[in-house]
Number of protein chains: 2
Amino acid sequence: MSDSRTHPLNLLVRKLDQWNPLSDDDCNAVRALPFTRRQLKAGEHVVWDGDRPQNACLILSGFAYRYKVAGNGGRQIMSIHMKGDIVDLQNSLLGVADHNVQMLSAGHIALIPVEAVRDIAFSRPAVGMGMWYETLVEGSIFREWILNIGRRNAIVRVGHLLCEFAMRMEASELGKQTEYELPITQEQLADAVALTSVHVNRTLMKLEELGYISRTRRRITINDWHKMAVLADFQPRYLHLRMDARN
Amino acid sequence: MSDSRTHPLNLLVRKLDQWNPLSDDDCNAVRALPFTRRQLKAGEHVVWDGDRPQNACLILSGFAYRYKVAGNGGRQIMSIHMKGDIVDLQNSLLGVADHNVQMLSAGHIALIPVEAVRDIAFSRPAVGMGMWYETLVEGSIFREWILNIGRRNAIVRVGHLLCEFAMRMEASELGKQTEYELPITQEQLADAVALTSVHVNRTLMKLEELGYISRTRRRITINDWHKMAVLADFQPRYLHLRMDARN
DNA sequence: CGCTCGTTTGATATATTTCAAGAATTGTGG
DNA sequence: CCACAATTCTTGAAATATATCAAACGAGCG
């Protein structure tokens with residue numbers, strides 16, 4: 001395949017292969033999936049709660065997040081996604097979306113028709129297994145967030161989220177584990193950790209004051225990874241990353 | 001199949017068929033899966049965090065829950081399972097368990113070797129799709145729990161959990177939507193909704209005092225489903241139940 | 001350069017936790 | 001079947017983490 005290096009779906013190949021090794025044929029089949037590319041602005045919605053999406057959505061660039069809104073108006077972000085993540089496999093396979101997906105920053109996505117996803121998943125078990133893994137790992141991250149929000153206090157909680165980003169950013173080659181740029185406001189951060197933006201602000205300042213992090217606008221630096229991981233009660237096993245078990 | 005009515009794996013057939021219709025052949029193939037039956041006491045662990053489980057586990061009777069423990073000792077229950085649920089598909093497929101699974105009450109489980117699960121999932125797409133759905137729906141429930149714990153106050157939160165149980169119990173034919181028995185202590189309930197057992201106690205009493213529920217020991221009666229659903233901000237779509245869309 | 005959005009700061013309010021002890025219920029061995 | 005032990009539930013008072021409200025400050029942007 002002449003375009004095998006620059007092909008947008010290579011991101012998908014890489015992701016799936018990471019979870020479950022693919023043969024060359026599998027890789028080519030994934031690259032041969034039909035898709036349409038779209039450019040989205042920050043704040044644009046990929047899916048609305050209640051929709052019946054017809055496509056799975058692969059993030060090519062930029063960041064996105066899933067969220068729900070409670071009856072009292074409170075918003076809760078349930079996950080944050082970056083380049084290479086497949087959002088909306090859930091929503092499209094389950095038929096009707098049970099949550100919203102919105103772009104955090106401007107970015108590109110690839111839309112792949114559900115039927116094509118379904119077909120390749122079962123005609124090529126390795127591909128299917130990779131997709132299944134992807135959803136299983138997401139489940140694992142959801143569980144950790146439940147623990148994080150449910151049982152950790154503000155400073156540990158925010159610290160934990162910063163650590164998670166750090167590892168995932170590095171795994172996606174979007175930054176180093178100890179330094180990365182995340183285009184998120186404190187209000188959005190608050191909605192992710194179930195705190196108030198005011199309290200998130202105070203918490204970030206305390207993390208900085210205590211020497212755990214440095215920050216300039218949207219850039220986070222974790223000064224001492226080990227110290228931070230201890231404070232943040234962060235054990236990355238739940239991410240199920242197959243990297244050379246650094247850390 | 002002479003034993004097709006009493007066969008333990010019928011529970012699995014039913015569950016998978018609910019998510020994605022199975023052919024007769026598929027049903028028989030599921031029933032033909034190898035498995036071992038085990039009886040567990042209340043409090044026994046099905047899997048420990050860090051284990052490398054070799055089996056997927058189907059609950060035949062009794063209740064179980066998944067939990068994690070934070071560094072500060074706080075315990076968080078992430079899901080509660082009943083007859084017909086498949087726990088530990090996650091843990092066994094992902095290789096190393098990222099959370100604990102423990103029996104809430106005494107009960108029976110069927111252990112199915114992972115390889116057999118993996119094989120049937122890809123040799124029989126309808127079965128595989130059903131399993132995938134199962135994990136997707138679980139993901140959806142996790143997301144709702146994140147919202148519940150993150151953005152709802154005590155009374156709404158507890159109410160929401162009671163509503164969820166109500167629907168799931170009825171869907172599993174373990175009780176009526178408005179009345180069911182759940183062998184859970186207030187301490188465990190507290191660990192599920194991320195509150196203190198003391199506060200859960202006060203909250204249950206308030207729910208009772210306000211007329212939303214009645215209770216005798218472990219039996220919960222929801223006096224007026226609609227009123228309760230409104231209070232509890234409960235919209236069951238996230239359960240993705242395929243029942244005749246009651247409610 | 002002025003506007004808007006995001007961050008920072010302060011004072012006060014409140015939901016939930018913590019600690020502690022008593023009451024009720026369930027389980028158990030004799 | 002009773003008596004005792006062990007959980008579980010209930011209640012109260014005090015402590016605290018986080019929310020709320022409101023205003024000032026700063027930075028990026030058209």
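Both backbone and side-chain heavy atoms feed into the values below; hydrogens, waters and symmetry mates do not. Per chain, numbering begins at 1; letters A, B, ... match sequence-line order.
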Under 4.0 Å: is that the gap between some side-chain N or O of [X] and OP1 or OP2 of [N]?
X: A:Arg152; N: D:dA17; value: no
X: A:Gln186; N: C:dT8; value: yes
X: A:Asn201; N: C:dT7; value: no

Between [atom2] on [N] and [atom1] on [X], what's the gap in Å once rounded to a whole number?
X: A:Ile149; N: D:dT18; atom1: CD1; atom2: P; answer: 13 Å
X: A:Leu195; N: C:dT8; atom1: CG; atom2: C1'; answer: 17 Å
X: B:Arg219; N: C:dT26; atom1: CZ; atom2: P; answer: 14 Å
X: B:Leu182; N: D:dT8; atom1: CG; atom2: P; answer: 14 Å
X: B:Arg157; N: C:dT16; atom1: CZ; atom2: P; answer: 7 Å
X: B:Ile155; N: C:dT16; atom1: CD1; atom2: C1'; answer: 14 Å
X: B:Leu104; N: D:dT8; atom1: CG; atom2: P; answer: 11 Å
X: B:Ile184; N: D:dT7; atom1: CD1; atom2: C1'; answer: 16 Å

Which is true for [X] with a 4.0 Å heavy-atom rule: it touches a base, it touches only sugar-phosphate, or it touches nothing?
X: B:Arg218; answer: sugar-phosphate
X: B:Thr196; answer: base
X: A:Arg215; answer: sugar-phosphate

Testing B:Leu12, B:Ile112, B:Leu11 one by one against B:Ile86 for a side chain to side chain contact (heavy atoms under 4.5 Å, CB included), which residue passes?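 For B:Ile86, the side chain to side chain contact (heavy atoms under 4.5 Å, CB included) check succeeds only for B:Leu12.
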Can you say whether the rings of A:His160 and A:Tyr238 are parallel (under 30°), tilted (30 to 60°) or perpendicular (over 60°)?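 Answer is parallel, since the angle falls under 30°.
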Could you check which of [options] has an atom nearest any side-chain atom of [X]?
X: A:Met205; options: C:dT16, C:dT9, C:dT18; value: C:dT9
X: B:His199; options: D:dG12, C:dT16, D:dT18; value: C:dT16
X: B:Thr185; options: C:dG6, D:dT8, C:dT16; value: D:dT8

More than 12 foreign heavy atoms under 6.0 Å from CZ of B:Arg52: is that the case here?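 Not more than 12 within 6.0 Å, no.
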Both B:Glu187 and B:Arg202 contact DNA chain D. Which one's nearest nucleotide lies toward the 5' end?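 The residue whose closest nucleotide sits nearer the 5' end is B:Glu187.
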Treating A:Asn72 as the side-chain partner and B:Arg151 as the backbone partner, does any N or O pair qualify as donor plus acceptor under 3.5 Å?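 Checked: pair present.
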Using side-chain contact (heavy atoms from CB on, under 4.5 Å), reason through B:Ile59 and B:Val87 one step at a time and then give a plain yes or no. CA-CA 7 Å; B:Ile59 300 182; B:Val87 295; 4.1 Å; yes
